[in-house]
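The residues of the chain are indexed from 1 along the displayed sequence.
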Amino acid sequence: MTLPRRATGSSEIPTTPRISAASDAAADPARPEEAQPVRHRPGGRTARNRALVLDAVSTLLVEEGYDGLTVDAVAARAGVHRTTVYRRWRDVGGLLADVLDAARDDGWRPADTGSLQGDLAALNHEIHTALTTGPPITSALIAASFRSEEAARALRDFWDARYARCEIVVTRAVQRGEIPPDTDARRLLVAATAPLYHQTVLLRLPADPGLPDQAAASTALAAAAGGFAARSTGSAG
């Protein structure tokens with residue numbers, strides 16, 4: 001449910017201003033003016049370069065923040081020629097978007113503990129660990145999404161994909177008879193995970209090791225009581 005500690009690793013669920021396409025072209029005349037970021041999954045040397053570049057983006061974002069993240073700095077850290085970075089990713093927004101795009105390709109799945117509360121607690125503990133230990137790439141990418149519209153779109157796509165992958169948690173709970181069949185999976189999952197992001201990313205409060213279990217328990221209780229029943233689109237009659 002969380003973002004990777006490194007762009008090419010396993011799941012955890014974030015100077016200069018953003019470089020525009022025009023300024024990129026001026027800085028590197030050899031770059032095609034209308035170049036677009038590549039979205040296919042190449043192999044060989046291209047794949048190695050992508051891994052090096054995305055790892056450099058994650059590292060620099062944590063160390064320097066968004067304002068210290070430039071195409072030239074990424075190229076230097078990755079040991080890749082700047083023309084290669086400009087041609088493939090265009091600008092900082094393209095780099096951030098590809099970090100998030102790569103994160104969507106992992107094989108992460110939510111745990112099956114045998115109960116809704118257990119599944120939500122396991123999910124929340126992963127999120128809590130990602131947000132409070134190691135390099136804070138998740139928080140850094142979230143912060144960067146407020147500075148780059150391209151990164152913001154990619155982050156929304158990432159969350160959509162992650163929540164869709166987590167809907168199996170709700171499906172299993174329905175099949176076990178723990179919650180009503182008309183439970184809205186997305187609303188339930190957001191309610192269970194939101195307290196962690198609110199406390200850690202927005203309020204920047206000290207880590208609370210009890211929060212993952214508390215949020216899971218309260219959400220499971222509300223779900224069992226029908227608190228996340230799908231909303232009717234019709235008018236009351």
Side-chain angles (χ1 to χ4, degrees), residues 1-9 11-42 45-106 108 130-131 135-165 197 201-202:
M1 187 63 188
T2 52
L3 298 167
R5 294 183 183 278
R6 283 292 183 268
T8 55
S11 276
E12 285 190 44
I13 99 210
T15 321
T16 61
R18 179 185 177 192
I19 304 171
S20 67
S23 61
D24 286 353
D28 185 11
R31 187 181 63 85
E33 187 176 7
E34 297 299 326
Q36 296 296 320
V38 178
R39 294 300 183 190
H40 63 274
R41 299 290 174 264
R45 180 178 179 183
T46 301
R48 289 193 297 273
N49 282 345
R50 181 177 186 240
L52 289 169
V53 167
L54 298 190
D55 189 71
V57 173
S58 299
T59 301
L60 284 169
L61 188 61
V62 169
E63 293 179 355
E64 307 292 341
Y66 181 85
D67 289 329
L69 187 66
T70 67
V71 172
D72 284 357
V74 168
R77 177 64 67 97
V80 175
H81 197 282
R82 63 195 294 271
T83 302
T84 300
V85 181
Y86 279 118
R87 181 182 299 115
R88 179 177 171 85
W89 288 277
R90 300 193 326 272
D91 55 22
V92 168
L95 287 164
L96 291 169
D98 202 24
V99 168
L100 290 160
D101 188 43
R104 293 167 55 190
D105 293 339
D106 63 18
W108 179 88
L131 293 174
I137 182 60
T138 298
S139 300
L141 280 165
I142 292 172
S145 72
F146 288 93
R147 305 283 298 278
S148 164
E149 181 55 37
E150 191 169 1
R153 288 194 299 270
L155 186 60
R156 286 193 294 269
D157 290 343
F158 174 87
W159 292 133
D160 280 343
R162 273 299 195 260
Y163 278 121
R165 200 179 292 185
Y197 292 101
V201 178
L202 298 181

**Q** Inspect the contact between Glu64 and Arg77 and indicate whether a charged nitrogen and a carboxylate oxygen are less than 4.0 angstrom apart.
**A**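 Result for this pair is no, no salt bridge flagged.
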
**Q** Tell me whether Asp160 is salt-bridged to Arg104, with the criterion being a basic N under 4.0 Å from an acidic carboxylate O.
**A**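 So Asp160 does not pair with Arg104 through a salt bridge.
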
**Q** Could you measure the distance from the OG atom of Ser145 to the CD atom of Glu150? Nearest 0.5 Å is fine.
**A**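 That separation rounds to 12.5 Å.
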
**Q** Is there side-chain contact between Trp89 and Leu54, with at least one heavy-atom pair below 4.5 Å?
**A**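 Yes - at least one pair of side-chain heavy atoms lies under 4.5 Å apart.
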
**Q** What are the two closest non-hydrogen atoms of Ala97 and Ala154, and how far apart are they?
**A**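 Residues Ala97 and Ala154, closest heavy atoms: CA-CB, 3.7 Å.
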
**Q** Is there side-chain contact between Val92 and Arg147, with heavy atoms separated by less than 4.5 Å?
**A**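 No, too far: nothing below the 4.5 Å cut-off.
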
**Q** Say you draw a straight line from CG of Asp106 to CZ of Arg165; how long is it, rounded to the nearest 0.5 Å?
**A**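 Rounded to the nearest 0.5 Å, the CG-CZ separation comes to 5.0 Å.
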
**Q** If you look at every heavy atom in Ala144 and Leu61, which pair is closest and at what distance?
**A**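 Heavy atoms of Ala144 and Leu61 come nearest at CB-CD1, 4.2 Å.
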
**Q** Below 4.5 Å, heavy atoms only, C-beta onward: do Leu69 and Leu96 meet side chain to side chain?
**A**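 The answer is yes; the side chains approach within 4.5 Å.
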
**Q** Give the minimum heavy-atom separation between Ser148 and Gly93, together with the two atoms involved.
**A**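 Taking every non-hydrogen atom into account, OG-CA, 3.5 Å.
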
**Q** Determine whether Thr46 and Arg88 make a side-chain contact, defined as any pair of heavy atoms from C-beta on separated by less than 4.5 Å.
**A**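 Yes, close enough: below the 4.5 Å cut-off.
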
**Q** Out of curiosity, Phe158 CZ to Leu155 CG, how far, rounded to the nearest 0.5 Å?
**A**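 The CZ atom of Phe158 sits 8.0 Å away from the CG atom of Leu155.
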
**Q** Is Val53 close to Thr84 at the side-chain level, that is, under 4.5 Å between some pair of heavy atoms?
**A**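 Side-chain contact under 4.5 Å: no.
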
**Q** Between Asp91 (side chain) and Gly94 (backbone), is there a donor-acceptor pair under 3.5 Å?
**A**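 Here the side-chain-to-backbone pair exists.
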
**Q** So do Asp157 and Leu100 actually touch side chain to side chain, heavy atoms under 4.5 Å?
**A**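 Counting from C-beta outward, Leu100 and Asp157 never come under 4.5 Å.
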
**Q** Any idea which heavy atoms bring Ala73 and Gly68 closest together, and the distance?
**A**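 Ala73 and Gly68 have their closest heavy atoms at CB-O, 4.2 Å.
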
